[in-house]
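The model shown is predicted, which means the values in this text are computed figures rather than measured ones. Because only heavy atoms are used, hydrogens play no part in the values below, and waters and symmetry mates are left out as well, while side chains stay in.
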Amino acid sequence: MDSRRTPTAPEPASGPVPGRGPGLANNAAALAGGILAGATRQLARARSAPKPLHPIGAVVTGTLTRTGSTGSGVPWLDLPGTDAVAIRLSRAVGLPDAVPDIHGLALRVPTRDANADLLLANTGLGLITRFVLMPCRDIRSRPLTSLLPYLGPFGPLLLGARPTSEDPMRFELLWSHWLSPWVRFADLWIDSATGPDQDISFDPIANPVPGLEHYEWVRRLRSPAYRSAREESGRA
């Protein structure tokens, strides 16, 4: 469902908004981030694999055509343009293809100054399910979201991708003001679902989309696990 807003007067997001009570949220996120980092380290050593999560994937190319939108306040989302992108399609646990798994879509987009990384995982698009990981057999059988919010000019903002029924290699890219309806802003065309894997480290915390920031609690939650994954990758 698409929604249109003017960038000067967006509708307020309904429901609780992250970032309130920052001290408590930051401390809780730091604690959870340490636990996730430890779990990532142990999983990597148990597997003896370069990547503890999403261990097997395919790095392919694609084209991102930004059709534009109104209301996000982020130029990269609101303005049209075309980008050649690198994509990694993977399964979080690395289970056999016949077994449902959490699929990931990692996207590297060139920007004016560097590259921006987006990480999306299979969820739903509903008010609750957009924050719930949902295993499936095929990445194209469910939508994907960033799961955690970015801090946009008008408050929390989520990113998502929705597979299309017309073409299995095309996804619609979406954004939403927290619990608000989704707005389509781009089409992602993937050249192939298979390809050789490559040692590319996608990091949405270090390489954010221009105009989108990370809440401090999101940084504290995710950064330790990313750091542990890179360290263990160097040990493998």
Side-chain angles (χ1 to χ4, degrees), residues 33 36-65 82-111 114-123 133-148 159-164 167-173 186-209 221-236:
L36 287 175
T40 299
R41 190 176 300 111
Q42 293 303 317
L43 181 60
R45 295 178 182 179
R47 281 184 157 175
S48 298
K51 291 182 173 65
L53 292 173
H54 298 273
I56 300 174
V59 175
V60 298
T61 58
T63 302
L64 180 65
T65 301
T82 300
D83 305 295
V85 296
I87 304 162
R88 186 172 189 263
L89 307 173
S90 60
R91 296 165 67 89
V93 183
L95 299 172
D97 290 348
V99 181
D101 204 336
I102 302 295
H103 294 260
L105 191 160
L107 188 65
R108 174 156 292 173
V109 182
T111 64
N115 291 315
D117 291 339
L118 304 177
L119 295 187
L120 306 176
N122 281 132
T123 63
L133 292 170
M134 295 186 174
C136 55
R137 291 189 176 89
D138 191 317
I139 190 174
R140 293 160 292 198
S141 63
R142 287 191 184 279
L144 309 95
T145 69
S146 56
L147 203 65
L148 297 176
L159 297 178
R162 177 169 53 202
T164 65
D167 190 326
M169 303 309 294
R170 174 174 162 254
F171 288 79
E172 295 177 340
L173 294 194
D187 290 316
L188 174 65
W189 300 86
I190 301 176
D191 293 336
S192 173
T194 60
D197 205 355
Q198 299 178 35
D199 187 18
I200 299 179
S201 179
F202 293 87
D203 189 338
I205 299 296
N207 308 311
V209 172
L221 178 64
R222 303 184 84 166
S223 292
Y226 290 148
R227 185 167 56 249
S228 292
R230 286 193 295 268
E231 292 171 354
E232 293 303 319
S233 176
R235 291 164 51 94

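- The distance from the SG atom of C136 to the CD1 atom of I102 is 7.0 Å, given to the nearest 0.5 Å.
- Atoms CZ and CG, from R108 and L119 in turn, are 9.5 Å apart once rounded to the nearest 0.5 Å.
- Under the rule for a salt bridge (charged side-chain N to carboxylate O under 4.0 Å, His left out), the partners of D138 that lie at least two apart in sequence or sit in another chain are R140.
- Atom CE of residue M134 and atom OG of residue S141 lie 11.5 Å apart, to the nearest 0.5 angstrom.
- Looking at N115 and P110, their side chains come closer than 4.5 Å, going by heavy atoms from C-beta outward.
- Residues L159 and L173 form no side-chain contact, since every pair of their non-hydrogen atoms from C-beta on lies 4.5 Å or further apart.
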Could you walk me through whether V60 and D191 satisfy the side chain to side chain contact (heavy atoms under 4.5 Å, CB included) test, starting with their C-alpha distance in whole Å, then the side-chain angles of each, then the deciding distance to 0.1 Å, before giving a yes or no? CA-CA 7 Å; V60 298; D191 293 336; 5.6 Å; no

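- In this structure, the separation between CG on L107 and CZ on F202 is 7.5 Å, given to the nearest 0.5 Å.
- The only member of I190, L105, L120 that meets side chain to side chain contact (heavy atoms under 4.5 Å, CB included) when paired with I139 is L105.
- Between V85 and L188, the closest side-chain pair of non-hydrogen atoms falls below 4.5 Å.
- Without hydrogens or angle criteria, D167 side chain to M169 main chain gives a donor-acceptor distance under 3.5 Å.
- The structure places CG of N207 at 4.5 Å from CG of D117, a figure rounded to the nearest 0.5 Å.
- For the pair D83 and T63, the minimum side-chain heavy-atom distance is 4.5 Å or more.
- Side chain of N122 to backbone of H103: a donor-acceptor contact under 3.5 angstrom is found.
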Going through the checks in order, is the side chain to side chain contact (heavy atoms under 4.5 Å, CB included) test met by I200 and R88? CA-CA 9 Å; I200 299 179; R88 186 172 189 263; 5.8 Å; no

